[in-house]
A.B. asks: 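Sending over a structure as structure tokens; questions will come in a sec.
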Amino acid sequence: IKYLIIIHFADSRSFSIDYKNNCFQKDGKPFQYISGSIHYSRIPREYWKDRLLKMYMTGLNAIQVYVPWNFHETVQGVFNFAGDRDLEYFLNLANQTGLLVILRPGPYICAEWEMGGLPAWLLQKPNIILRSADTEYLKPASEWLAVLLTKMRPWLYQNGGNIISVQVENEYGSYFACDYNYMRHLHTVFRLFLGEDVILFTTDGNTDKEMICGTLEGLYATIDFGTDTNITAAFIRQRRFEPKGPLVNSEFYTGWLDHWGDKHASVETVKVSKMLGEMLFMGASVNMYMFEGGTNFGYWNGADHDSRFRSVVTSYDYNAPLSEAGDPTDKLLAIRDVIKNFRDIPVGPMPPATPKFAYGFVTLQKVCKTLLISGLSLCYVNCVQYYGFMLYRTTLPRDVPEPTPLISPLNGIHDCAYVSVNGVYQGLMERDTALVMNVTGQQGDQLDILVENMGRVNFGSYINDKKGLLGNLILGNDVLTDWSIYPLDIDTAVANGWLQADQSGSAMEAGDGPMIYSGTLKSTGLAWDTFVKLNGWNKGQVWVNEVNLGRYWTQRGPQQTLYVPGPFLSATQPNNITVLELERAPSHRRILFMDRPQINFNNIFTKNV
């Protein structure tokens with residue numbers, strides 16, 4: 001095992017449940033874990049050690065870790081555990097730091113992550129029932145678990161590693177299927193690959209329905225809740241399903257997520273610290289979700305769908321004790337003061353915040369209309385573009401001299417569509433909220449629909465969230481047909497340098513609709529963290545040196561800046577900046593690199609939805 005360092009005396013190591021004394025036992029002694037959630041998939045590899053050390057110095061003795069299946073098997077049958085996906089390297093850093101691990105390998109994880117961690121390629125099976133005993137789901141899920149759990153077995157605590165418990169599925173009681181055969185199958189698979197000694201557990205929300213459908217004999221039942229909950233009542237509910245054993249809150253919410261158009265979520269520090277102290281005093285083991293949230297780089301953000309589709313913002317700051325950039329907050333200091341009352345915490349100063357730098361303004365030049373790169377990848381059948389953008393192209397079937405409604409009658413635009421006629425931007429359509437717009441033109445004019453995938457639903461009954469143009473579009477009384485479809489692999493175009501501005505100064509003029517802009521952040525001798533603000537821009541994606549920072553949506557908010565970790569920058573070479581603006585760039589075409597974030601600007605989103 002290339003990273004496993006501490007393997008001596010494995011025969012004497014044990015981690016178990018003491019049902020007589022209602023606690024965990026570690027090496028035969030009572031043990032209470034104080035844990036925090038951290039997602040390696042949302043943090044650059046170069047910063048893993050820094051974040052783990054800050055968690056350790058706060059007084060935590062464990063971390064809780066999700067493993068996103070789609071992060072490691074983006075293409076079916078091709079498994080990637082290298083670089084930022086090197087889970088074993090992450091576990092080894094935690095081990096060296098002195099942190100135990102509570103592993104949450106799914107296969108579904110929620111986590112406000114794209115499709116709850118399930119790979120989008122599963123949806124190639126049109127009738128698949130996700131998170132169920134449907135063989136079309138169970139076969140690839142079992143194959144994934146066979147690969148992952150085989151890697152994880154040497155890292156179990158009793159085998160010399162630092163994994164003390166493993167969750168089976170995730171909040172399954174919140175899902176409509178309530179398929180006990182599915183949970184029994186997972187139980188069998190986990191035991192097959194991990195053995196009989198490791199603690200397997202479930203986590204579910206604080207309702208009877210969730211606990212009934214999410215728990216299974218042989219899996220230790222834990223519960224999750226936040227500061228708005230009566231602790232005693234919640235643990236009484238856990239006791240109805242686990243009469244003996246430790247009290248466990250597997251997700252104690254230190255903050256909450258943001259959707260575009262929401263107010264920035266926060267949870268008061270005093271409530272978090274007070275409730276944490278009360279649970280620890282009761283002897284409960286607690287995991288704080290999140291301890292550091294990190295960032296939904298690229299297209300990895302998830303979405304919710306209750307009354308309508310709501311996409312999760314790029315920042316996963318979560319109002320957590322460590323900020324999105326890994327900086328200690330007042331909430332962290334308050335939590336450390338609580339933990340001091342229950343265990344000795346490490347001696348020494350808290351590691352400081354990573355250095356930040358305001359690099360200033362960069363003026364961008366327009367490179368091309370997004371639609372002009374479509375010729376790179378025309379496809380004819382079974383078009384596959386799991387993330388990002390797809391272009392649908394046809395022609396107007398007749399003259400439409402007067403504004404004529406273009407309608408998505410079955411709400412088939414998933415998720416936003418940017419409409420152009422003969423290259424002239426007409427406007428946008430949006431899932432659930434803007435299903436009609438007017439266009440004009442002449443028979444035979446080229447109609448382009450650029451469809452943006454804004455992240456698949458990660459929670460609830462709508463996780464089979466297919467993307468693209470899913471239903472007919474109607475122009476007046478005409479159903480539009482004869483579509484050509486172009487997957488737009490903009491990330492590859494950026495990586496290959498195809499979208500850099502002509503440095504001769506012959507840049508195109510700005511205009512409406514999807515456009516690519518680029519520029520250069522000159523080297524300063526520093527490669528420190530920074531935050532890019534796109535004041536006056538509307539909505540799009542930003543790349544720095546080939547790395548997709550994620551989505552900005554300045555007009556919708558609340559997030560106004562994108563986090564740029566220092567490791568993404570070069571201290572000695574010019575840094576290439578690429579911006580895809582989907583609606584309209586400001587005339588100044590400037591972006592600003594700041595030394596602090598703005599993620600809580602509450603725009604007034606007055607749309608009646």
Side-chain angles (χ1 to χ4, degrees), residues 36 38-58 83-84 90 93 255 258 264 290-298 300-301 313-333 349-362 519-535 537 541-552 554 558-579 590-601:
I38 177 172
H39 297 162
Y40 63 93
S41 56
R42 285 178 160 130
I43 301 168
R45 174 189 173 113
E46 295 87 345
Y47 282 158
W48 288 350
K49 185 175 182 179
D50 172 79
R51 309 307 195 250
L52 292 168
L53 182 59
K54 287 169 179 171
M55 297 173 79
Y56 177 77
M57 294 302 294
T58 303
D84 283 355
F90 180 82
L93 287 177
D258 288 340
H264 176 56
M290 294 293 300
F291 206 87
E292 185 196 352
T295 307
N296 295 311
F297 294 114
W300 289 118
N301 67 278
V313 305
T314 302
S315 171
Y316 200 63
D317 178 88
Y318 213 84
N319 192 226
L322 286 170
S323 73
E324 178 183 12
D327 298 339
T329 65
D330 290 342
K331 186 174 287 183
L332 179 143
L333 299 177
M350 175 66 62
T354 53
K356 312 293 189 294
F357 192 74
Y359 295 94
F361 286 104
V362 172
T520 300
L521 175 64
K522 295 180 180 179
S523 58
T524 62
L526 298 174
W528 289 1
D529 288 2
T530 188
F531 303 87
V532 60
K533 183 174 183 179
L534 294 99
N535 193 39
W537 300 70
Q541 302 273 145
V542 179
W543 290 259
V544 172
N545 292 335
E546 306 176 10
V547 179
N548 189 334
L549 299 180
R551 177 178 295 107
Y552 67 90
T554 308
Q559 182 176 356
Q560 298 294 302
T561 56
L562 293 174
Y563 174 47
V564 187
F568 291 0
L569 298 172
S570 171
T572 58
Q573 299 294 321
N575 296 279
N576 294 325
I577 312 298
T578 307
V579 174
R590 292 181 306 184
I591 61 176
L592 175 63
F593 289 88
M594 307 166 55
D595 60 2
R596 65 199 65 190
Q598 292 182 359
I599 59 172
N600 61 350
F601 181 79

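Just so it is clear, the model here is predicted, and its values are computed rather than measured.
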A.B. asks: If only atom types and distance count, is the side chain of Asn296 paired as donor or acceptor with the main-chain N or O of Val313 below 3.5 Å?
C.D. replies: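 Yes, Asn296 side chain to Val313 backbone: donor-acceptor pair under 3.5 Å.
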A.B. asks: Evaluate the side-chain proximity of Val564 to Tyr359: yes if any heavy-atom separation is below 4.5 Å, no if none is.
C.D. replies: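 The answer is no, as the side chains (C-beta and beyond) never meet within the 4.5 Å cut-off.
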A.B. asks: If you round to the nearest 0.5 Å, how far is CG of Leu332 from CE of Met55?
C.D. replies: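 Met55 CE to Leu332 CG: 9.5 Å, rounded to 0.5 Å.
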A.B. asks: How about NZ on Lys356, more than 12 heavy atoms from neighbouring residues, nucleotides or ligands closer than 6.0 Å, or not?
C.D. replies: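 Result for NZ/Lys356: enclosed.
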A.B. asks: With the side chain counted from C-beta on, respond yes when Lys331 and Asn319 share a heavy-atom pair under 4.5 Å apart, and no when they do not.
C.D. replies: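 Yes; the side chains approach each other to less than 4.5 Å.
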A.B. asks: Tell me the closest heavy-atom pair linking Pro574 and Thr520, and the distance in Å.
C.D. replies: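 Smallest heavy-atom distance, with atoms named: CB-CG2, 3.4 Å.
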A.B. asks: Taking Thr530 for its side chain and Phe357 for its backbone only, find out whether a donor-acceptor pair lies under 3.5 Å.
C.D. replies: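 Looks like yes, one N/O pair under 3.5 Å.
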A.B. asks: Under a 4.5 Å cut-off applied to non-hydrogen side-chain atoms, are Gln573 and Asn545 in contact?
C.D. replies: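 Counting from C-beta outward, Gln573 and Asn545 never come under 4.5 Å.
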A.B. asks: Sub-3.5 Å donor-acceptor pair from the side chain of Ser570 to the main-chain atoms of Thr572, do we have one?
C.D. replies: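 Yes.
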A.B. asks: Spell out, as yes or no, whether a donor-acceptor pair under 3.5 Å connects the side chain of Asp317 to the backbone of Ser323.
C.D. replies: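 No, Asp317 side chain to Ser323 backbone: no donor-acceptor pair under 3.5 Å.
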A.B. asks: State, to 0.1 Å, how close Pro321 and Met290 come at their nearest heavy-atom pair, and which atoms those are.
C.D. replies: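 Pro321 and Met290 have their closest heavy atoms at CD-O, 3.3 Å.
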A.B. asks: Using a 3.5 Å distance criterion without hydrogens, assess whether the side chain of Arg51 forms a donor-acceptor pair with backbone atoms of Asp327.
C.D. replies: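 Not a single qualifying donor-acceptor pair exists.
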A.B. asks: What's the separation between atom OG1 in Thr561 and atom CE in Met594, rounded to the nearest 0.5 Å?
C.D. replies: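 Going from OG1 on Thr561 over to CE on Met594, the span is 6.5 Å.
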A.B. asks: Between Tyr47 and Pro565, is any pair of side-chain heavy atoms under 4.5 Å apart?
C.D. replies: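 Result yes, sub-4.5 Å side-chain heavy-atom pair found.
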A.B. asks: Under a 4.5 Å cut-off applied to non-hydrogen side-chain atoms, are Leu521 and Leu569 in contact?
C.D. replies: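 Touching, per the 4.5 Å side-chain cut-off.
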A.B. asks: Is it the case that the side chains of Glu324 and Thr295 hold a donor-acceptor pair, with the cut-off being a distance below 3.5 Å and no angle test?
C.D. replies: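 Checked: Thr295/Glu324 side chains pair up, N/O donor to acceptor below 3.5 Å.
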A.B. asks: Is any side-chain heavy atom of Asp595 less than 4.5 Å from a side-chain heavy atom of Trp528?
C.D. replies: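 Heavy-atom side-chain distance check fails, nothing below 4.5 Å.
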A.B. asks: State whether a side-chain donor-acceptor pair under 3.5 Å links Ser315 with Gln559.
C.D. replies: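 There is no such pair (donor and acceptor under 3.5 Å, judged by atom type) between the side chains of Ser315 and Gln559.
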A.B. asks: How many angstroms lie between atom CZ of Phe531 and atom CG of Leu592, to the nearest 0.5 angstrom?
C.D. replies: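 Spacing of CZ (Phe531) from CG (Leu592) equals 12.5 Å.
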A.B. asks: Measure from the side-chain N and O atoms of Arg45 to the backbone N and O of Gly83, and report whether any donor-acceptor pair falls under 3.5 Å.
C.D. replies: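 Checked: pair present.
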A.B. asks: Less than 4.5 Å apart, any side-chain heavy atom of Leu549 and any of Val544?
C.D. replies: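 Of all side-chain heavy-atom pairs linking Val544 with Leu549, at least one is under 4.5 Å.
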A.B. asks: Search all heavy atoms of Leu562 against all heavy atoms of Arg551 and return the closest pair with its distance.
C.D. replies: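 Residues Leu562 and Arg551, closest heavy atoms: CD2-O, 3.3 Å.
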A.B. asks: For the pair Ile591 and Tyr552, evaluate side chain to side chain contact (heavy atoms under 4.5 Å, CB included) and give the outcome as yes or no after the intermediate values.
C.D. replies: CA-CA 12 Å; Ile591 61 176; Tyr552 67 90; over 6 Å; no
A.B. asks: Is the side chain of Lys54 donor-acceptor paired with the backbone N or O of Leu322 at a distance under 3.5 Å, no angle test?
C.D. replies: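 Between the backbone of Leu322 and the side chain of Lys54 there is no qualifying donor-acceptor contact (under 3.5 Å).
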A.B. asks: Please answer whether the main-chain N or O of Gly566 pairs with a side-chain N or O of Asp529 as donor and acceptor at a distance below 3.5 Å.
C.D. replies: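 Yes.
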A.B. asks: Roughly how far apart are Trp543 CH2 and Asn576 CG, rounded to 0.5 Å?
C.D. replies: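 Between atom CH2 of Trp543 and atom CG of Asn576 there are 13.5 Å.
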A.B. asks: Within the structure provided, determine whether Thr58 and Phe291 are in side-chain contact (heavy-atom separation under 4.5 Å).
C.D. replies: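 Yes. Closest side-chain heavy atoms under 4.5 Å.
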A.B. asks: Minimum heavy-atom separation for Ala571 and Ser523, please, with both atom names.
C.D. replies: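 Result for this residue pair: O-CB, 3.5 Å.
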A.B. asks: Output yes when a side-chain donor or acceptor of Trp537 lies under 3.5 Å from a complementary backbone atom of Thr554, and no otherwise.
C.D. replies: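 Answer holds: no.
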A.B. asks: How long is the straight-line distance from CG of Asn535 back to CZ of Phe361, given to the nearest 0.5 Å?
C.D. replies: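 The distance works out to 8.0 Å.
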A.B. asks: How far does CZ of Phe568 sit from CZ of Phe297, to the nearest 0.5 angstrom?
C.D. replies: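 Those atoms lie 4.0 Å apart.
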A.B. asks: So, for Lys49 and Leu93, which heavy atoms are closest and what is the spacing to 0.1 Å?
C.D. replies: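 Closest approach of Lys49 to Leu93: N-CD1, 4.0 Å.
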